[in-house]
Q: 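Structure incoming, see below.
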Protein chains: 2
Amino acid sequence: MSLEHVLNARSVAVVGASKVPTKRGYQTIRTLLDEGYEGAIYPVNPKESRIMGLACHTAVSKIPGDVDVALIATPARTVPAILEDCGKKGVKGAVILATGFGETGATGKALENRVLEAAGSNHIRLIGPNTSGMMNLKDNLNLVGLKDSPRGDIALLTQSGNMALTLITEAKLKSRKGFTYYVGVGNEADIRFHEYLEFFRNDPDTRAILMYVEGMRDGRKFLQTAYKTTEKKPVVLLKSGRSSTGKRSAGSHTGALAGMSRVAKGAFERAGIIVIENSDELFPAAESLSSLPPIRNNRIAILADGGGHATIAADTLTDLGVQIPELEKKTQDKLRAILPGGAAVRNPIDVAGGTDDNPAIFADCARIILNDPNVGGLLIVGLFGGYGIRFAASLAMMEEDAAHQMGKMVRRYKKAIVVHSLYNSEKPHSLDLLRYYDIPVFGSLDVACKSIGVLAQYGRYLKGYHAKTNFVFNWGAKAKPDGRKIIDTVYRQGRTALLEPEAKRLLGLHGAAVTRDVLAGTAQEAADAAAVMGGKVALKIASPDILHKSDAKGVLLNLSGKEKVKKAFREIIKNARTFKADARIEGVLVCPMVQTGVEVIIGTKIDDQFGPVIMYGLGGVMVEILKDVSFRVLPITRLTARMMIEDTKSHPILDGVRGDTPHDKKALINLLLTCSEIIEAYPQIEEMDLNPVIVHHEGLSVVDARILLKPSGDAEKGGPAA
Amino acid sequence: MSLEHVLNARSVAVVGASKVPTKRGYQTIRTLLDEGYEGAIYPVNPKESRIMGLACHTAVSKIPGDVDVALIATPARTVPAILEDCGKKGVKGAVILATGFGETGATGKALENRVLEAAGSNHIRLIGPNTSGMMNLKDNLNLVGLKDSPRGDIALLTQSGNMALTLITEAKLKSRKGFTYYVGVGNEADIRFHEYLEFFRNDPDTRAILMYVEGMRDGRKFLQTAYKTTEKKPVVLLKSGRSSTGKRSAGSHTGALAGMSRVAKGAFERAGIIVIENSDELFPAAESLSSLPPIRNNRIAILADGGGHATIAADTLTDLGVQIPELEKKTQDKLRAILPGGAAVRNPIDVAGGTDDNPAIFADCARIILNDPNVGGLLIVGLFGGYGIRFAASLAMMEEDAAHQMGKMVRRYKKAIVVHSLYNSEKPHSLDLLRYYDIPVFGSLDVACKSIGVLAQYGRYLKGYHAKTNFVFNWGAKAKPDGRKIIDTVYRQGRTALLEPEAKRLLGLHGAAVTRDVLAGTAQEAADAAAVMGGKVALKIASPDILHKSDAKGVLLNLSGKEKVKKAFREIIKNARTFKADARIEGVLVCPMVQTGVEVIIGTKIDDQFGPVIMYGLGGVMVEILKDVSFRVLPITRLTARMMIEDTKSHPILDGVRGDTPHDKKALINLLLTCSEIIEAYPQIEEMDLNPVIVHHEGLSVVDARILLKPSGDAEKGGPAA
């Protein structure tokens, strides 16, 4: 059901309306009245007859007119009954403020489930519980009771009332920007992140979406919605709860799972979301992205009136992956013509005192610089705005002139300008003028750099591969009948772990180059199999009761010759018995030793927030010590598989170092795609580990494979469906 | 000569005094008069008789009284003659504002040298040139002309006038802190960073030193002075010019070399300096460090009135290497007794609404928390200071009460409190009270985290190894007579590169386990040598004209058997001739192939700023692809050698992975110390490369070594003397 009637409600019941000014049931009505909400307001409180001049009702069901939304400001235990009563009235949505639900443990979770049931059977959509509320600032529908929140073009979606307050305060004090909507998602019991996002995507007044997330319940749907959103408008997100103490803290506040893992960051960025890691940069990033066009060529010029700021800005932008191109000779000549001899004109541009008597020269410089086709955006750093304060009041007028000129340039050239000013906190009029033209101004140099940096980042995304490749989770990969049989057998035998031969057979069915192993029941069989294979072999125990074969001394490598193989067979059986006397032993697997190559590992698992994900890394110390791995949400495309490989720092080893010839990257990409296909085709799989895989100069060998299934009851429900 | 007469001057001549208010020669005198400088002020300008009521002099030498310092505000070309004139008067110091010296190229450099000569022969110490000037705020000796700079206990030392202006403005607008001194070092033509630092170290009114550096001329002396300074008071430093464009920008402003390399960061931190990378955090770090005691146990508690801020703070502090310990059970019980049921009390502590009616409860919580022996410092995040604004004005008084209580706690418990407040920009009185008690308050959560984080970082340093180990550059390592002979021979033969046998002999003289190679003049000699060695051998060309032996196909490995060795000898000679027909060939080096082990590399070079430095890393792809290396300034101690090894991410490989036995780390440490000794003993060495070194389970083998000398003329002057 659309959120139209909820977020754009034309009538509101306030359940728990109050005459006490510190109560939420007072503040909300007061704010709705003061800010001029034009819809109907119905206070509900059986103990009062009138509140703030409005008739008070004993129950929602007793209200004479239609009610779109009920704000429920009463304690948790009262909520199910109130929802039932709302149902009688045909209420479309409810905002539940109370805490004491899923975020507090099992009892609260049970209450939350009762609330969900009551809402479901009465067709009521829920915001919260455990939310600070919701505001629609376009219609003055303010259900938070936070007065004077600035109106504007940013939609705000957060999981922390504190962070909302921080961001709204920041907007009010430090910008001319404001919000279309604010929603505190609370426990996401009913309406989820992706539904709000979808709504804001379609809202014509919203130009950017700003999010603070601790954890989300349905990451996959969110990613898909985000992908579709970011092609239309930017989404900026900060996710906290990275550290274990951070999680401990977040855990006490949200019902969802927390954890800013590398999985999450990679997934968000895949969908075109601008992920912010420093909370100081969150609102400024939204301010830039909602105000200015993305920078399409990743190239920025820096204009400064002194050395230090330009140097720091160049460092910071370079760290952000932005280029600071040398300006065209023609541009340099034009700048030289209006600046003193000591000026730097290559980029960064330093006016070297050339603006001291006339800061309007900043506008002349900006015009020349923006005319350079190498330049996609301009960052001005230093004292602009402060000439009138620091030197002489008459200079302020010239700064204002420059601000008017530069404001119009942004529109004419469709290139971003962002300004850092040391005098920002003095609030000179010229800086306010810049903001009037949608040029963001910051007192912090780092924040200014980041704010123009995200315009370049969004531009890179829009021009790049990901924006052009649909983010689909259902590719229609099909299970093979023989594959289905393998899994059925495992379940039928009461197992959830595939034996190595079963895992390899399943992989082989889908085209993976697994080693061609033979299961030997006797020492003689093992010796015969080894003779047929030729070369050296490895022997591995095959037992449903021994998952980690090395721990049971169940693996012997590099064997050749009949007697050695026989002896090894007997040794492995003996070791297995020692390890676990009653282990069921199916035999010993005889595997050809593969030619040398680069060792890699591939793993898949079901992430709590994003469903099936895949990990890739070079094997050995690269994974064990350096943790040099990359993650993606499954399924993946061919190009994504390639990017996964190239995301690891150690990937050049595959290309061959020290004159070694390259290894077969194409085969590796195919194997990653096979894994993707298998995970989609068999939703029963919980985890898969290919370790090691040896990548040869031609082809590769999956040497060992481990597949774990979900408990049989869960098998069908948690699949990767879109 | 001490800087006493310069920085604490009792009389000032202003050369280039002016009646024009936009001129520096006017502004300086105006400011000295307005701010109540008690020393004598002597305007100097041959064209004026009186300026601002003061008698104007035609030249410094014509001034009747003593002159400690001359501020020279005239153009560059006039400076040498003015200094000569100052000399006649016995002036102790001069501040040279003009640009157009070393920073502009060769002509400017020549002028700078003339200035230096004039200063030297007249015993005048110079600040600048190319400086914004100097202020001694204790004596109102303000030679910058920047009015109303706040007085306080921080000494400011920068290489950018802009950054000085930024930091002074920030102190004024956002803190109650200020400065004892400000010096713009300019080109460091005469007085260097370390001399200022030494002065501030001894200044009893300076509690912390704040620096912005683009490049420095004498890094080694600076490090030694910094080491001695940080045992007494903290030094905070931001160094820009990391990126190549940043360098381009810095390069146009300073005569010195730029580049925030890993060498620089490591060297600064070795000396106990707090290195800041984000300019927003620079002043706040100095504010904390000058106001509060260091945190000795690296453990911080977080007190919040809502979830989001606590979560972000926990993440950020964890990233900074700080621990967020769980509080003692007793502490948790006490907190639970005064907070509502929903409160989190383990750490982070969330009051969960418990302060809504009475924010003075923050002080009660703080007292309980600071009493916990696990807690070294307290970070308060959220709304404190805003209760009176957001809820009811009466709450402001309770906040003020809490501020008074907490201010006294810092003194009683000698534990730091830092506060983040969303309402900082509203400037409530309670936050000003906190600052009155030296509790820093920040509007940015990230900055607040960093500001308490540096107290923990400084505490870690003071408790750690480095603070206790003197930073000495002259260890008295002596050259061996035979070593000196080797180097003399190389120079005598007109070379600067040692041949591999020479390099290995030099290393061997100092105890390094070099392979015992034999130089063979004929194929037969090579075969005989190989037979004596036994096992496999490597053959390498020995030619002063072939430095990179592999490029000339001059290396063959894994040879055994008389005929194979002979054939290889002939092939190498042939390859060498093909590579360079007229190469002088000394023969072919026969080297035993060493047993396997972990490959590492060691290199030394002369850094432009810090003199001799050493690099260490695991060989192969770790260095080539992952750049996993560590650096130190030479000489190093045994423990530093160990820390260098442990600084590399891949170092666990030496301990043995996958059940491999450990490699001989002690031998590796000894080799690093040998390199340190050699570089000190032979100042002629420019570069040394040991690549590869194979570290065995017992012992190690230096398989190849390359040593380059300085051009013979430079050899003695650039040594590692202290």
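By convention in this document, chain letters (A, B, ...) are assigned in the order of the sequence lines, proteins followed by strands, and residues within each chain are numbered from 1.
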Q: Does B/Met163 reach the side chain of A/Ile312, with side-chain heavy atoms less than 4.5 Å apart?
A: yes
Q: Does A/Asp315 form a side-chain hydrogen bond (donor to acceptor under 3.5 Å, both in side chains) with B/Ser240? I'd like the steps, not just the answer.
A: CA-CA 7 Å; A/Asp315 283 352; B/Ser240 70; 4.8 Å; no
Q: When rounded to the nearest 0.5 angstrom, what is the spacing between NZ in B/Lys147 and CZ in A/Arg390?
A: 13.0 Å
Q: Go through B/Leu383, B/Leu238, B/Ile302, B/Ile653 and name the one with the most non-hydrogen pairs under 4.5 angstrom from chain A.
A: B/Ile653
Q: As a quick check of understanding, evaluate side-chain hydrogen bond (donor to acceptor under 3.5 Å, both in side chains) for B/His309 and A/Thr166, giving each step before the final call.
A: CA-CA 9 Å; B/His309 295 129; A/Thr166 301; 2.8 Å; yes
Q: A/Asp356: what forms a side-chain hydrogen bond (donor to acceptor under 3.5 Å, both in side chains) with it, not counting sequence neighbours?
A: none
Q: Go through B/Gly443, B/Pro652, B/Ser160 and name the one with the most non-hydrogen pairs under 4.5 angstrom from chain A.
A: B/Pro652
Q: What's the separation between atom CG in B/Leu445 and atom CG in A/Asp280, rounded to the nearest 0.5 Å?
A: 7.5 Å
Q: Is the backbone of B/Gly308 close enough, under 3.5 Å, to the side chain of A/Asn162 for a donor and an acceptor to pair up by distance?
A: no
Q: One pair to check against side-chain contact (heavy atoms from CB on, under 4.5 Å): B/Leu173 and A/Glu426. What are the steps and the verdict?
A: CA-CA 9 Å; B/Leu173 297 176; A/Glu426 307 294 295; 2.9 Å; yes
Q: Evaluate the side-chain contact (heavy atoms from CB on, under 4.5 Å) criterion for residues A/Asp446 and B/Glu281: first the C-alpha distance (whole Å), next the side-chain angles of each, then the deciding distance (0.1 Å), finally the verdict.
A: CA-CA 10 Å; A/Asp446 293 298; B/Glu281 298 165 353; over 6 Å; no
Q: Tell me, for B/Asp357 versus chain A, whether the close heavy atoms (under 4.5 Å) come from the side chain, the backbone, both or neither.
A: neither
Q: Is B/Thr169 close to chain A through its backbone or its side chain, or both, or neither, when contacts mean heavy atoms under 4.5 Å?
A: side chain
